[in-house]
There are 2 protein chains.
Amino acid sequence: MVEGVPAEGGLRERKKRATRAALVEAAVRLAVERGVENVTVDAISAAAGVSTRTFFNYFDSRDEVFVMVGSDSSDRVCRAVLAAPPGPAPLEVLRDALAAELEEVEQQQEVWCLHAEVLRKAPQLLARRIGAHMADELGLAEALAERIGAGSPLFAEDRPAFASPEDEERRRALELYPRLLAAVGGTAVRVAVEHWSVRQDRTRFTDVFRETFEHLAAGLPEPPATAGRRS
Amino acid sequence: MVEGVPAEGGLRERKKRATRAALVEAAVRLAVERGVENVTVDAISAAAGVSTRTFFNYFDSRDEVFVMVGSDSSDRVCRAVLAAPPGPAPLEVLRDALAAELEEVEQQQEVWCLHAEVLRKAPQLLARRIGAHMADELGLAEALAERIGAGSPLFAEDRPAFASPEDEERRRALELYPRLLAAVGGTAVRVAVEHWSVRQDRTRFTDVFRETFEHLAAGLPEPPATAGRRS
DNA sequence: ACGCAAAACTGCAGACCGTGCAAAAATCTG
DNA sequence: CAGATTTTTGCACGGTCTGCAGTTTTGCGT
């Protein structure tokens, strides 16, 4: 068997990856064929050539096999945020970190469109997908917080228990902002993907993505098209 | 039993509401007692005094009983958006519509905090909660679109199939903005609730909520506390 | 090449979830 | 009260997911 990658790791690792990929591939293929709801774990496992029990050694639930696409993205985004130069505004840092990761979306159009189609027809799976992103959100919020307030005495572990009300207030605000930024950023990505996936032939994803962040950076004012488009 | 509302409808309606409330109450109580994962449908049904089968006449899934709090809020928010005076910016309209609905949060502190606690310990349920809000999001996006672009010829059903690229572009932008606004608004509410529910004794929810929307309206710039707080 | 230890796969039993169906009970209508 | 409508309920059935124990496969030192 010819491998595109130089066969990292031993035979064990390769087989595990192969089985995992086979399960995902079988699941998506069956879902497109007969609809997500009519795809049982038994069918997926049989199509992938493993036992039903083995399926649950790879995925915690049946739905997970449909949402496990690009699940390792969040780590890279977090690292990109932490590694960003100290210059630009937090929103720009987040935008660029996400954009770098999302370039893969346009390159792997087929996979993403197929998954987007599957997810669009199954709201419950979409919910689970969002849920998968929520854990990411916490990590991302921490990364953003460190990017912003690194070394702030307000975050010291051994701060006095009875800080002044002003400091408490400022600390509270410092906790709120990164969380909001992370959550809004994730939401912007979701909206951009949903919007683009229904009219991909007309627009490049990058443009839609940039447009969402322009809206955010501008404070979500009245849309340009209503008041006369100014690029 | 004293009713706050004058017992609308006949005996049937009242009994249905009572059963529904009993199921929710039993579910939340059991969840706080022994953890969400250790609460079976059988236990909930038994505690509510109905059969297991009846539970599924009220909720489509076990998890739904935990996320069905304030599920009728979205309609009122949509109506508030549509009924808003034509003056203020869309973001303000959305903020005020949500704020009016969220006043109930502070009044029913106990219920919301209990639910927030349950949801915090169960990420999967939080995901489902978000999913429940996603349908709302579509309706809210439509309401916002109507609030903004009512009567715009770009949205006419019988528009020419081959509109000019410029019009297509503008129409696309008009579709993106309301969706983004609705999604971001929902996210802001979620972040505000989560943030407030962990330190409710220190701050009023209204203040946290307003602060999130101040961040949004300002375009999510560097947080004030880092650069020196200016109220 | 051989054999042992670790890891993975598998079948099985069992609890739980969720649905369709039809009978029984409760409620509404006249 | 009688009939129509709605709700509740029990039952059967298929699907999801977990723990356990036995078997097979892989990694590795000799």
Side-chain angles (χ1 to χ4, degrees), chain A residues 1 3 6-24 26-28 30-31 33-68 118 122-125 127-129 131-132, chain B residues 7-24 26-27 30-31 33-68 118 122-125 127-129 131-132:
Chain A
M1 181 189 287
E3 297 282 353
E8 271 183 58
L11 178 58
R12 251 194 177 110
E13 287 302 318
R14 258 184 301 140
K15 268 206 163 184
K16 281 190 74 168
R17 269 199 293 269
T19 301
R20 198 182 187 80
L23 284 171
V24 170
V28 173
L30 289 173
E33 249 175 45
R34 57 175 92 157
V36 184
E37 293 314 309
N38 303 324
V39 178
T40 67
V41 176
D42 287 341
I44 299 172
S45 309
V50 297
S51 73
T52 304
R53 188 64 185 81
T54 297
F55 176 94
F56 289 105
N57 288 343
Y58 282 88
F59 303 96
D60 285 341
S61 78
R62 162 189 171 279
D63 292 351
E64 199 173 350
V65 77
F66 294 115
V67 302
M68 269 300 194
V118 169
Q124 51 158 20
L125 291 186
R128 208 172 258 261
R129 183 106 172 91
Chain B
E8 275 184 53
L11 178 59
R12 261 209 176 108
E13 288 301 319
R14 259 184 300 139
K15 269 206 163 183
K16 281 190 73 169
R17 269 199 292 270
T19 302
R20 199 183 187 79
L23 284 170
V24 170
L30 289 173
E33 247 176 46
R34 59 174 92 160
V36 185
E37 294 313 309
N38 304 324
V39 178
T40 68
V41 176
D42 287 337
I44 299 171
S45 309
V50 296
S51 73
T52 304
R53 187 64 185 83
T54 298
F55 177 93
F56 290 106
N57 289 344
Y58 282 89
F59 303 96
D60 285 341
S61 76
R62 163 190 170 279
D63 293 350
E64 200 171 350
V65 77
F66 294 114
V67 302
M68 270 299 193
V118 169
Q124 52 160 31
L125 291 187
R128 211 173 256 263
R129 183 107 170 92

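Just so we're on the same page: letters track the sequence lines, and every chain starts at 1.
Bracketed by its first and final contacts, the part of DNA chain C lying under 4.0 Å from non-hydrogen atoms of chain B reaches from C/dC16 to C/dC28 in 5' to 3' order.
Rounded to whole Å, the distance from CD on A/Glu64 to C1' on D/dC17 is 12 Å. For the pair A/Asp63 CG and D/dT16 P, the interatomic distance rounds to 9 Å; values are reported in whole Å. Between the NZ atom of A/Lys16 and the C1' atom of D/dT25 there is a distance of 14 Å, rounded to whole Å. Computed from coordinates, the B/Arg20 CZ to D/dT7 P distance equals 12 Å when rounded to whole Å.
For B/Ser45 against B/Leu23, the heavy-atom pair with the smallest separation is CA-CD2, 4.3 Å. Shortest non-hydrogen contact noted between A/Val36 and A/Arg62 is O-NH2, 2.7 Å.
Residues satisfying the salt bridge (Lys or Arg N to Asp or Glu O under 4.0 Å) criterion with A/Glu37, sequence neighbours excluded, are absent altogether.
The 5' end of DNA chain C is approached more closely, in terms of each residue's nearest nucleotide, by B/Arg62 than by the other of B/Arg62 and B/Arg12. Of the two residues near DNA chain D, A/Lys15 and B/Thr19, the one whose nearest nucleotide lies more 5' is B/Thr19.
Figure legend: cation-pi geometry between A/Arg20 and A/Phe59, with NZ or CZ positioned under 6.0 Å from the six-membered ring centre and within 45° of its axis.
For the segment residues 49-60 of chain A, the set of residues with a heavy atom within less than 4.0 Å of an atom of DNA chain C comprises A/Val50, A/Ser51, A/Arg53, A/Thr54, A/Asn57, A/Tyr58, in numerical order.
Among the candidates B/Asn38, B/Thr40, B/Val39, the single residue satisfying the side-chain contact (heavy atoms from CB on, under 4.5 Å) test with B/Leu30 is B/Val39.
Two residues are said to be in side-chain contact when any heavy atoms from C-beta on lie closer than 4.5 Å; B/Val24 and B/Tyr58 fail this criterion.
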